[in-house]
Amino acid sequence: MFVREVMASLVKNSRKKKTVQIELETYEGKFVVSAPSGKSKGKSEVQDYNSKGIEHSLKMLKVFCPMLKHKNFLIKKIEDLKLLVELMKRFEGRYGKFGGNVSYAMESVFLKAAAADNGKELWQFINDEVNGGLKPKMPMPIGNCIGGGVHSGMIKGKKPDFQEFLLIPREKTFSRAVTVNFRAYEDAKELLRKKEKGWRVRRSDEGPWMTSLTNEEVLEILKSVAKKHGLRIGLDIAASSFYERGYYKYKNKELIRDKVDQADYIERLIKKFGIFYVEDGMQEEDFSGFKEILNAIEKNKSKTLIVGDDLTTTNMRLVRRAVSSGAMNAMIVKPNQIGSMIEVKNVVQFCKQHNIVMIFSHRSGETMDDTLADYCVGFGGQFIKTGIYGRERLIKLRRVMEIERELNK
Ligand code: PGA
Ligand code: ZN
């Protein structure tokens, strides 16, 4: 695969913040990838840009990209990104770090071009490598229906302390699941209007409805729409975002919980509302707290997914630790948390070996890029987590639907 040209630029994401976009031209065509951006980030995520900021990363790219011109890359599998990684590392040795968002976008655009060079779509290229080319199983969407936490502004000075209230279909096809989620999301809007005085339509970062109701009040709404549409429900608690010096500080109803109370509270909520999915129920360094929750649900023979996100940050060392200490049975995969597709592949293989359910996830700041969909299908993720509403979210859902149609031809 000969590189004709590589170009870097800055584009705006769904939060109107700048992010990096890389365009690669080969003899097969032009390929583009832009990077998403997190807001409620895990402490162990790689830095997204150079410590001097995104503009500095762009300056570095303006020097680096022309150096790739006319180079030949032979990429038959993910591991073959090594040459590119090596070149970037060498450059970083002289000029400082590009940042995880840059390496994510650069590696991804090279994979896209390599797939085309081999006559394949990106999902196919990856599926051939990690799944021996067997027909992949379609994921189910996890949709953000009602929001709180750091992604959300405030109505009447209040918001739920949990970050995301999620809907999770169980349908025969992905496209049907997307429709069901959207209907339930619309129904949730009507229930919010009824339950909250003076409620008006406002959406937060990933497209979910904003509200000033409490966690439990929102869970009641979620449960009722889920029942009507045959859905499961989930939470991204993002517990680190309200954890301060040993305590979980709840603000909607002012309350402080220590570690034991927090785990106990989560366990009670799981039981009371029949919750299927709980992400980051404890702060990101509390492996034993996660384990306590997982043990409790296993004792009750519950199938609830106990999910690591900030806990694991798609980082092999942390994933190993979480699995060996029995802290989770599922995890979030966000490639730009680690900024290395070789590392993502290693994490995926480890999860498969240990029966850890994988959820490929968007970030709160998203672009019109749909690479996440190909990664989810190609790597064999059981779920893809996005918003239910908003063009940056829908484009990913539509891409999975397109792959589904392709596979059923
Ligand atoms: P982020 O959070 O994209 O803002 O980091 C999303 C999440 O916590 O899942
Ligand atoms: Zn999360």
Side-chain angles (χ1 to χ4, degrees), residues 13-17 19 34-49 99-101 104 141-153 159-168 203-208 210 215 233-243 248 266 275-286 289-290 293 305-315 318-319 322 327-328 330-339 356-367 369 371-372 375-376 381 383-390 392-393 396:
N13 69 17
S14 52
R15 265 197 289 264
K16 310 266 185 295
K17 291 254 159 65
T19 185
S34 54
S37 327
K39 188 195 239 173
S40 102
K41 288 189 206 156
K43 268 191 214 155
S44 335
E45 289 190 30
V46 295
Q47 179 131 20
D48 43 10
Y49 296 105
N101 269 10
Y104 162 75
I142 295 183
N144 189 357
C145 179
I146 300 175
V150 299
H151 288 167
S152 196
K159 59 183 171 181
D161 295 288
F162 296 164
Q163 183 175 287
E164 296 162 32
F165 296 82
L166 306 159
L167 294 172
I168 310 165
R203 297 181 174 95
S204 64
D205 271 357
E206 302 175 350
M210 268 168 56
N215 294 327
I233 65 174
L235 292 172
D236 183 357
I237 294 182
S240 293
S241 64
F242 55 95
Y243 179 77
Y248 296 89
I266 303 302
I275 301 171
F276 168 71
Y277 174 108
V278 180
E279 181 178 331
D280 284 341
M282 306 294 286
Q283 59 97 357
E284 61 201 306
E285 284 164 342
D286 190 2
F290 270 76
I293 300 175
L305 299 179
I306 303 303
V307 186
D309 173 16
D310 294 343
L311 181 79
T312 36
T313 61
T314 322
N315 176 317
L318 297 172
V319 174
M328 63 180 191
M331 68 165 275
I332 290 282
V333 181
K334 290 172 176 165
N336 77 329
Q337 279 181 325
I338 189 74
I356 302 297
V357 170
M358 295 179 287
I359 301 105
F360 279 70
S361 169
H362 69 161
R363 305 299 308 244
S364 49
E366 267 296 343
T367 68
D369 189 291
T371 312
L372 182 74
Y375 281 152
C376 183
F383 296 96
I384 181 166
K385 186 178 176 227
T386 71
I388 297 173
Y389 180 90
E392 294 86 357
R393 322 290 156 182
K396 295 163 182 64

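Read the numbers this way: they start at 1 and go in the same order the structure lists the ligands and their atoms.
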Using a strict 4.0 Å cut-off to heavy atoms of [X], name the atoms of ligand 1 that fall inside it.
| X | value |
| --- | --- |
| Lys385 | 9 (O) |
| Asp236 | 7 (C), 8 (O), 9 (O) |
| Gly38 | 1 (P), 3 (O), 4 (O), 5 (O) |
| Ser40 | 1 (P), 2 (O), 4 (O), 5 (O), 8 (O) |
| His151 | 1 (P), 2 (O), 4 (O), 6 (C) |
| Asp309 | 7 (C), 8 (O), 9 (O) |
| Glu164 | 6 (C), 7 (C), 9 (O) |

Rounded to the nearest 0.5 Å, what's the gap from [atom1] on [X] to [atom2] on [Y]? Could you check?
| X | Y | atom1 | atom2 | result |
| --- | --- | --- | --- | --- |
| Ser34 | Glu366 | OG | CD | 8.0 Å |
| Ile233 | Phe165 | CD1 | CZ | 9.5 Å |
| Asn336 | His362 | CG | NE2 | 12.0 Å |

Q. Among the heavy atoms of His362, does any lie under 4.0 Å from an atom of ligand 1?
A.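 The answer is no: ligand 1 sits nowhere under 4.0 Å from a heavy atom of His362.
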
**Q.** 4.0 Å heavy-atom contact, Ala238 with ligand 1
**A.**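 Not so, Ala238 does not reach ligand 1.
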
Heavy-atom distance under 4.5 Å between the side chains of [X] and [Y], does that happen here?
| X | Y | result |
| --- | --- | --- |
| Cys145 | Ile388 | yes |
| Gln163 | Asn144 | no |
| Ser37 | Arg363 | no |

Would you say [X] reaches the Zn ion (ligand 2) with an N/O/S atom under 2.8 Å?
| X | result |
| --- | --- |
| Asp310 | no |
| Asp309 | yes |
| Glu279 | yes |

What about [X]: any of its N or O atoms under 3.5 Å from an N or O on ligand 1?
| X | value |
| --- | --- |
| Ser37 | no |
| Ser361 | no |
| Ser364 | yes |

Q: Check each of Lys41, Lys334, Gln337 against atom 6 (C) of ligand 1 and report the one with the nearest heavy atom.
A: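 Minimum heavy-atom distance to atom 6 (C) of ligand 1 goes to Lys334.
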
(Q) Tell me the nearest of Glu279, Arg15, Glu45, Arg363 to atom 5 (O) of ligand 1, using heavy-atom distances. (A)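 Nearest option to atom 5 (O) of ligand 1, by heavy atoms: Arg363.
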
Q. Do the side-chain N and O atoms of Asp369 and Thr367 include a donor-acceptor pair separated by under 3.5 angstrom?
A.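 The answer is no; no qualifying pair exists.
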
Q. Distance only, no hydrogens: is a donor on one side chain within 3.5 Å (strictly under) of an acceptor on the other, for Asn13 and Glu392?
A.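 Note: Asn13 and Glu392 side chains miss the donor-acceptor criterion.
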
Q. When you check the gap from the basic side-chain N to the acidic O, do Lys334 and Glu45 get nearer than 4.0 Å?
A.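 Salt bridge flag = no for Glu45 with Lys334.
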
Q: Classify the angle between the aromatic ring planes of Tyr243 and Tyr248 as parallel (below 30°), tilted (30 to 60°) or perpendicular (above 60°).
A: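 The arrangement is tilted - the two ring planes meet at 30° to 60°.
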
Q. Starting from atom 8 (O) of ligand 1, which protein heavy atom do you reach first, and at what distance in Å?
A.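 Heavy-atom neighbour on the protein nearest atom 8 (O) of ligand 1: Gln163 NE2, 2.9 Å.
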
(Q) Walk me through whether Leu166 and Phe383 qualify under side chain to side chain contact (heavy atoms under 4.5 Å, CB included). (A) CA-CA 12 Å; Leu166 306 159; Phe383 296 96; over 6 Å; no

Q: Kindly indicate, with the supporting measurements, whether the criterion side chain to side chain contact (heavy atoms under 4.5 Å, CB included) is fulfilled by Met331 and Val333.
A: CA-CA 6 Å; Met331 68 165 275; Val333 181; 4.3 Å; yes

Q. If you look at Asp236, which of its N/O/S atoms is nearest to the Zn ion (ligand 2)?
A.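 Per the distance ranking, Asp236 contributes OD2 as its closest N/O/S atom to the Zn ion (ligand 2).
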
